[in-house]
There are 2 protein chains.
Amino acid sequence: MAFTYDYARPALTVDCVVFGFDGGGLQVLLIRRALEPFAGSWAFPGGFVEMDEDLDVAARRELEEETGLRDVFLEQLYTFGAPARDPRGRVVSVAYYALVRPDQHPAAGGSDASEAGWHAVDELPGLAFDHAEVLRVALERLRGKIRYQPVGFELLPKRFTLGQLQGLYEAILGRGIDKRNFRRKVAAFDFLVPLEEFVRGRHRPARLYRFDRRKYRALEKRGFLFEL
Amino acid sequence: MAFTYDYARPALTVDCVVFGFDGGGLQVLLIRRALEPFAGSWAFPGGFVEMDEDLDVAARRELEEETGLRDVFLEQLYTFGAPARDPRGRVVSVAYYALVRPDQHPAAGGSDASEAGWHAVDELPGLAFDHAEVLRVALERLRGKIRYQPVGFELLPKRFTLGQLQGLYEAILGRGIDKRNFRRKVAAFDFLVPLEEFVRGRHRPARLYRFDRRKYRALEKRGFLFEL
DNA sequence: GCAAAAGTGTTTATGTTACACCCATGT
DNA sequence: ACATGGGTGTAACATAAACACTTTTGC
C-alpha cells in the first residue's frame with residue numbers, strides 16, 4: 001500500500017439537525033428537497049463540503065445558504081457512512097446539531113432548497129436518506145447533553161421566565177418536573193441572573209432571567225459541574 | 001448547483017485510539033509510521049476507507065491489519081477535518097476509540113506499520129498529524145463515559161478483583177476513591193457477580209468477579225442508570 | 001514478624017423527593 | 001369572579017462522604 005491518494009473517494013457532506021423550541025414542544029427545521037434523490041421529501045439542511053473548508057465551516061455555510069440562520073450554537077454530532085445511505089453512490093455525511101433561539105428563527109429560501117419549515121419532533125413527516133436515524137441520534141444527544149451542560153439557554157430567548165425554562169426541560173426530557181424543586185435548584189445557580197423586568201399575560205407577571213455566560217465559565221473553570 | 005458529484009473530494013480515513021490498562025496507568029497503542037508523511041513518528045493505527053465499506057468496518061479492518069486486534073469494544077469518537085491537518089492534502093479522518101482487555105493485547109506488525117507499542121497516556125512521545133488533539137478528545141470522552149456507562153470492564157480481564165476495578169477508575173478519573181465507599185457501591189450492582197475463585201499474591205487472596213452483560217442489559221431496559 | 005493488599009460498618013452531611021396553598025393579573 | 005400561570009417552605013427519605021482497624025498471605 002503506497003500512495004493511497006489514488007483510491008476512489010467517498011463524497012463528503014454535512015447535515016444539520018436544527019432544534020428550536022416554541023414554548024410548547026421541541027421542533028426541528030426541515031427543508032423540502034427540490035432535487036433528486038428524494039425530490040419533494042423533507043430532509044435536514046446540508047450539502048457538500050468544499051475542498052479547503054473545515055467541517056464546521058461547511059455546516060455553518062450550508063445552514064446559512066439553506067435557511068438564513070447564522071451565529072447559532074453548533075456542535076458535531078456523528079458521522080454517518082453506511083455504503084448505501086445515499087442512492088447516488090457513496091456519500092459520507094458529518095452530521096451537526098444546532099440550537100436556535102426563537103428570535104433567530106429563519107426566513108427560509110436559497111440554493112437547492114425549495115422550502116424550509118419547523119416541525120414538531122414527535123410528528124415528523126417521512127425523511128429523506130437516513131435522516132430518521134440522524135434525528136434519533138441527535139435527540140439522544142440533546143437529551144443527554146441538556147442535563148449536564150447549560151445548552152438549554154440556546155433554545156430560549158435571551159431573557160426568559162423560569163416557567164419557560166422548566167417547560168423546555170420538560171419538553172426535552174419528556175416528563176414533568178416539580179415546580180418548587182426546579183426553582184430552588186436553579187435559584188442556587190448564580191449565573192442565572194434575575195432581572196427587574198416582568199412579562200405580563202393573562203396571569204400574574206413573571207420575572208425575567210438571563211443566563212450569564214461569563215459567570216458560568218468562571219465557575220466551570222473552578223470545577224463546577226452543571227447538572228439539572 | 002446540480003450534480004455535486006463532480007466536486008473534488010477530500011480523502012477519507014479512519015483512526016483508532018486504542019486504550020489499554022495494565023494495572024498501573026492508562027495506556028494507548030501507537031504505531032511507528034514507516035511511510036511519509038511523519039515517517040518514524042508515532043501515530044494511531046488507521047488508514048483509508050474503502051468505497052464500499054462502512055466506517056466502523058474500516059476502523060476494525062485497519063485495527064486488525066496494523067495491530068492484529070479484533071473483537072474489541074469500538075465506538076466512533078469525532079471527525080477531524082481541518083483543511084491542513086494532513087500535509088499531503090485534504091484528508092478528513094473519522095476517529096474511533098477502542099478498549100481492549102489485557103488478555104487481548106496484540107502481537108504487532110502488518111501492512112504499512114513498522115512497529116506497534118503501548119505507551120502510558122501521561123508520557124507520550126510527540127504524535128503525527130493532529131493526533132495529540134485526537135487523543136485529548138478521546139480521553140475526555142473516556143473519562144465522561146466511564147462514569148455513566150459500564151465500559152470499564154472492557155479494559156479489565158474477564159475475571160477481575162475489586163482492587164483492579166477501583167485502580168482502573170482511579171487511573172482514568174485521576175483521583176483516589178475511598179475503598180469502602182467504592183466497594184459498597186459496586187456490591188449493590190447485581191450484574192457484578194462474585195466468583196468462588198481467588199487470586200493469590202504476596203498478600204491476602206482477592207476474590208474475583210465478572211461483569212454479567214445479560215443482567216446489565218436487563219436492568220438497563222427497566223430504566224436502570226449505571227453511575228459510578 | 002513484616003510488608004502488602006483485602007476486607008468490613010457507622011456516623012454525618014448533603015441532596016432529592018413529595019407535597020398544597022396564596023398571589024397578581026387579564027378577561 | 002374566575003381562569004391562568006407565578007411564586008413560596010418543610011419534612012421524610014436517600015445518597016454520598018468521611019473515617020481505622022483486622023485479616024490473610026508471601027517473603
Side-chain angles (χ1 to χ4, degrees), chain A residues 21-25 102 146-148 150 152 156-157 159-171 173-190 192-210 219 222-228, chain B residues 21-25 102 146-148 156-157 159-171 173-190 192-210 219 222-228:
Chain A
F21 178 66
D22 70 349
I146 203 170
R147 296 185 52 185
Y148 64 94
L156 292 175
R159 299 175 309 154
F160 51 86
T161 67
L162 297 185
Q164 288 177 298
L165 185 62
Q166 181 175 345
L168 173 66
Y169 274 81
E170 289 178 332
L173 300 178
R175 60 185 169 85
I177 301 175
D178 181 272
K179 185 166 46 159
R180 279 173 291 190
N181 294 338
F182 182 86
R183 293 168 97 99
R184 179 185 21 259
K185 195 155 188 177
V186 301
F189 297 148
D190 71 342
L192 217 42
V193 183
L195 305 174
E196 290 309 320
E197 298 172 84
F198 296 80
V199 278
R200 288 177 313 185
R202 58 174 187 278
H203 49 71
R204 175 173 173 176
R207 184 181 289 273
L208 286 167
Y209 290 77
R210 69 182 176 84
L219 279 175
R222 283 155 210 193
F224 169 82
L225 290 179
F226 180 90
E227 201 184 333
L228 219 165
Chain B
F21 178 67
D22 71 347
I146 202 169
R147 297 186 51 186
Y148 64 94
L156 292 175
R159 298 173 311 154
F160 51 86
T161 68
L162 297 186
Q164 287 177 296
L165 184 62
Q166 180 175 346
L168 173 66
Y169 273 82
E170 288 177 334
L173 300 178
R175 60 183 169 82
I177 301 176
D178 181 272
K179 185 163 50 155
R180 281 172 291 191
N181 294 337
F182 183 84
R183 293 168 96 99
R184 183 188 12 264
K185 194 155 189 177
V186 303
F189 297 149
D190 71 342
L192 217 43
V193 184
L195 304 174
E196 290 308 320
E197 298 172 84
F198 296 81
V199 277
R200 287 178 312 185
R202 59 173 186 277
H203 50 72
R204 177 170 171 176
R207 182 180 290 273
L208 288 167
Y209 290 75
R210 68 183 177 85
L219 278 175
R222 283 155 211 193
F224 168 84
L225 290 180
F226 180 90
E227 202 184 333
L228 217 165

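Numbers restart at 1 for each chain; the letters A, B, ... are given by sequence-line order, proteins then strands.
Picking from dT8(D), dC23(C), dT25(C) the nucleotide with the shortest atom distance to the side chain of R204(A) gives dC23(C). Across dT8(D), dA20(D), dT25(D), the shortest atom-to-atom separation from the side chain of H203(B) is found for dT25(D).
Separation of atoms NZ (K185(A)) and CG (D178(A)) is listed at 12.0 Å; rounding is to 0.5 Å. Taken from CZ in F21(A) to CG in L168(A), the straight-line distance is 5.0 Å, to the nearest 0.5 Å.
Look at CG on N181(A): it is 13 Å from C1' on dC13(D), rounded to the nearest Å. Atom CG of L225(B) and atom C1' of dT16(C) are 15 Å apart (whole Å). In this structure, CZ of R180(A) is placed 17 Å from P of dT16(C), rounded to the nearest angstrom. For the pair I177(A) CD1 and dG6(D) P, the computed distance is 14 Å after rounding to whole Å. Computed from coordinates, the L228(A) CG to dT16(C) P distance equals 10 Å when rounded to whole Å. Atoms CG (D178(B)) and C1' (dG7(C)) sit 13 Å apart, rounded to a whole Å. Rounded to a whole Å, the CZ atom of F182(A) is 12 Å from the P atom of dG6(D). Remark: P of dT24(D) and CZ of R207(B) are 13 Å apart, rounded to the nearest angstrom.
Ring geometry for F189(B) against F224(B) counts as perpendicular: the plane angle is over 60°, on a 0 to 90° scale with 30° as the lower cut.
Residue whose closest nucleotide on DNA chain D sits further toward the 5' end, between Y209(A) and K179(B): Y209(A). If you find the closest nucleotide of DNA chain C to R202(A) and to L162(B), the one lying nearer the 5' end belongs to L162(B).
Residue R184(A) is in base contact, counting any heavy-atom pair closer than 4.0 Å across all strands shown. Within the 4.0 angstrom heavy-atom criterion, only backbone atoms of the sugar-phosphate kind lie near K185(A); the bases stay farther away.
By the 4.0 Å N-to-carboxylate-O rule, E197(B) lies close enough to R159(B) to be salt-bridged with it. A salt bridge links E196(A) with R207(A); the closest basic N to acidic carboxylate O contact falls under 4.0 Å.
Residue R183(A) places at least one side-chain N or O closer than 4.0 Å to OP1 or OP2 of dG7(D).
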